Amino acid sequence: EKPLELHSVSQQKQVFIGNIIGSGIFISPKGVLEHAGSVGLSLIVWVLGGGICALGSLCYAELGVTIPKSGGDYSYVTEIFGGLVGFLLLWSAVLIMYPTTLAVIALTFSNYVLQPAFQNCVPPFIATRLLAMICILFLTWVNCSSVRWATRIQDVFTVGKLLALALIIIVGLVQICRGHYDALRPSVAFEFSGDPSVSEIGLAFLQASFAYSGWNFLNYVTEEVVEPRKNLPRAIYISIPLVTLVYTLTNIAYFSSMSPQELLASNAVAVTFGEKLLGMFSWVMPISVALSTFGGINGYLFTSSRLCFAGAREGHLPYLLAMIHLKNCTPIPALLVCCMATVLILCIGETHNLINYVSFINYLSYGVTIAGLLYLRKTKPNLHRPIKVSMLIPFSYLLFWAVLLCFSLYSEPVVCGLGMVIMLTGVPVYFIGVHWKNKPKWIYSVVGESVACV
């Protein structure tokens, strides 16, 4: 079957924007404000977060045309630094990035569905986890049953997030035109709830980065992008500023109707926004966000299982994960692994801690990949590079990256340190499972019997 080709800038822009704008904008505003300490600084974090994504995207554009392989970070790092580093990125994606992101989006889905029934309190812990698990299990079943069902769900439920964001921004602008912008006045916006610290600002950036995650998506399908030398930079120049504008306007809209204290007290910011401004139509907001998050879960399940499948096919994961159902042509073992890992994280994690956890590992991966760009410049200076960015761009990104990760690790040593420990557990797994070629026959027989049982 012929692969999807992204011919025009408009098609790539749609993919780019559609993948960045997700459920994060309904989750992260509370965490950004909590760590930034003021309305003004939180808005600055949102704008600068988009700028940092633009720097990273330009670096990835150079890597995408220099190493024209689909697979993004995993392919580039494996090509530049070898199998071990590539395996560690894959290991962290399978065990941390995708399951944790799925858990956060599933918890958001359950919070937005249940919040209208618990208007004056936080929905019960058991209820939110149970509904999140039901959602994950149902969508895993859908993805196991049919690729067509999964893609149709994605197309239909994308409308939910666009409707919710458009409604929030329009209503917020109407509020501002009516003079309701007290929290946005400079004299009020920079009133800090506590003493601001660099470490807390670092955590604010981690929270915002969760909403921006997905900016490197086109690098996962580089082989399907037509004329990447011309179209990749164009897609970046158009899409990143547009997404940054949408996110900033959404936060401004929130502050046009809610005080910082009300936003921090809300368990579902968009629901509180709807209850205050939409009156009898407030039900539109939780339904729209629930549709958005439902589609987001489906999309992440779809892509994460394919990453497991690709890693297994390359010999970096157990070959059981490379198996597909004969009739449905779906990677059922990979889907079940993603589902089980997500359910486990659902049982032990809290939303905002999980965001810090996954964002830290995401940034760690981005930094290693962009460091690979500099390493490649030094070791292969004559390599053909259709796109060659100024050295100032990767250096600026890595400087921000180093400061952010250091202060995040200082502020949240347990949460961030746990992510690094889990990533490093992949080292012995790589040497035993991948690097060690002449393993005893009994190991292969045990694996074979396990596969036969499955």
Side-chain angles (χ1 to χ4, degrees), residues 3-17 19-20 47-86 88-90 93 205 209 212-244 362-405:
L4 170 67
E5 289 187 346
L6 303 174
H7 289 277
S8 66
V9 176
S10 62
Q11 285 178 309
Q12 292 167 47
K13 182 180 69 177
Q14 289 168 12
V15 171
F16 210 68
I17 293 173
N19 204 65
I20 298 176
V47 174
L48 291 180
I52 296 301
C53 287
L55 294 178
S57 297
L58 290 171
C59 295
Y60 271 61
E62 176 177 327
L63 286 169
V65 294
T66 306
I67 306 172
K69 293 181 179 179
S70 293
D73 316 59
Y74 171 59
S75 297
Y76 307 147
V77 169
T78 302
E79 180 80 17
I80 296 168
F81 294 120
L84 174 59
V85 183
L88 290 178
L89 253 67
L90 178 67
F205 272 104
S209 73
Y212 282 108
S213 61
W215 55 263
N216 59 338
F217 174 75
L218 278 181
N219 292 78
Y220 283 86
V221 290
T222 303
E223 293 172 48
E224 283 75 49
V225 175
V226 177
E227 295 187 76
R229 179 184 179 278
K230 182 169 63 176
N231 289 332
L232 267 177
R234 286 183 183 176
I236 292 165
Y237 295 146
I238 295 170
S239 304
I240 297 287
L242 189 57
V243 172
T244 304
N362 272 336
Y363 258 111
L364 196 59
S365 300
Y366 300 153
V368 170
T369 305
I370 292 174
L373 182 149
L374 296 177
Y375 182 77
L376 202 62
R377 287 274 190 101
K378 182 179 179 180
T379 55
K380 297 183 180 180
N382 298 321
L383 186 67
H384 177 60
R385 294 175 172 85
I387 297 173
K388 192 172 183 179
V389 299
S390 165
M391 292 291 280
L392 186 62
I393 292 176
F395 274 120
S396 299
Y397 185 93
L398 288 174
L399 177 63
F400 172 83
W401 171 81
V403 172
L404 176 67
L405 292 193

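Everything numeric here is computed off the predicted structure, so don't read it as measured data.
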Problem set entry | Set of side-chain contact (heavy atoms from CB on, under 4.5 Å) partners for Cys53, sequence neighbours left out | Tyr212, Trp215, Ile240

Exercise. Which pair of heavy atoms, one from Ala61 and one from Ile387, lies closest together, and at what distance?
Worked result: O-CD1, 4.0 Å

Problem set entry | Heavy-atom pair with the smallest gap, counting every atom of Leu405 and Tyr363 | CD2-CB, 3.8 Å

Exercise. What do the steps show when you test Ile67 against Ile80 for side-chain contact (heavy atoms from CB on, under 4.5 Å), and what is the final call?
Worked result: CA-CA 9 Å; Ile67 306 172; Ile80 296 168; 4.0 Å; yes

Seminar exercise, completed: Sorted by chain and residue number, the side-chain contact (heavy atoms from CB on, under 4.5 Å) partners of Pro241 (sequence neighbours excluded) come out as none

Exercise. Can you check whether Phe400 and Phe205 have ring centres sitting under 6.0 Å from each other?
Worked result: yes

For this session: Indicate the atoms forming the closest heavy-atom contact of Gly86 with Thr78, along with that distance.
Result: CA-OG1, 3.3 Å

Problem set entry | Qualifying salt bridge (charged side-chain N to carboxylate O under 4.0 Å, His left out) pairs with a residue from residues 363-375, counting only residues at least two apart or across chains | none

Exercise. Any side-chain heavy atom of Ile370 within less than 4.5 Å of one from Leu55?
Worked result: no

Exercise. What pairs of residues pass the salt bridge (charged side-chain N to carboxylate O under 4.0 Å, His left out) test when at least one of them lies in residues 386-404, not counting sequence neighbours?
Worked result: none

Problem set entry | Atom pair CG (Leu89) and OG1 (Thr369), whose distance is rounded to the nearest 0.5 Å | 5.5 Å

Seminar exercise, completed: ring-ring contact (aromatic ring centres under 6.0 Å, His included) filter on Tyr397, not counting sequence neighbours, yields none

Problem set entry | Gap separating the OH atom of Tyr76 from the SG atom of Cys59, nearest 0.5 angstrom | 12.0 Å

Exercise. In Å and rounded to the nearest 0.5 Å, what is the CG to CG distance from Asp73 to Leu90?
Worked result: 11.0 Å

Problem set entry | Heavy-atom side-chain proximity of Tyr60 to Leu373 below 4.5 angstrom | no

For this session: With sequence neighbours excluded, give me every salt bridge (charged side-chain N to carboxylate O under 4.0 Å, His left out) pair touching residues 371-381.
Result: Glu62-Arg377

Exercise. Rounded to the nearest 0.5 Å, how far does CG of Leu374 lie from OG1 of Thr379?
Worked result: 10.5 Å

Seminar exercise, completed: Sorted by chain and number, sequence neighbours left out, ring-ring contact (aromatic ring centres under 6.0 Å, His included) with Phe395 holds for none

Problem set entry | Passing candidate, side chain to side chain contact (heavy atoms under 4.5 Å, CB included) with Val77, options Leu84, Leu63, Leu88, Val85 | Val85

Exercise. Is there a side-chain contact between Leu58 and Tyr237 (heavy atoms, below 4.5 Å)?
Worked result: yes

For this session: Search all heavy atoms of Arg385 against all heavy atoms of Leu376 and return the closest pair with its distance.
Result: NH2-O, 3.0 Å

Exercise. How far apart are the closest heavy atoms of Leu398 and Gly367, and which atoms are they?
Worked result: CD2-O, 3.5 Å

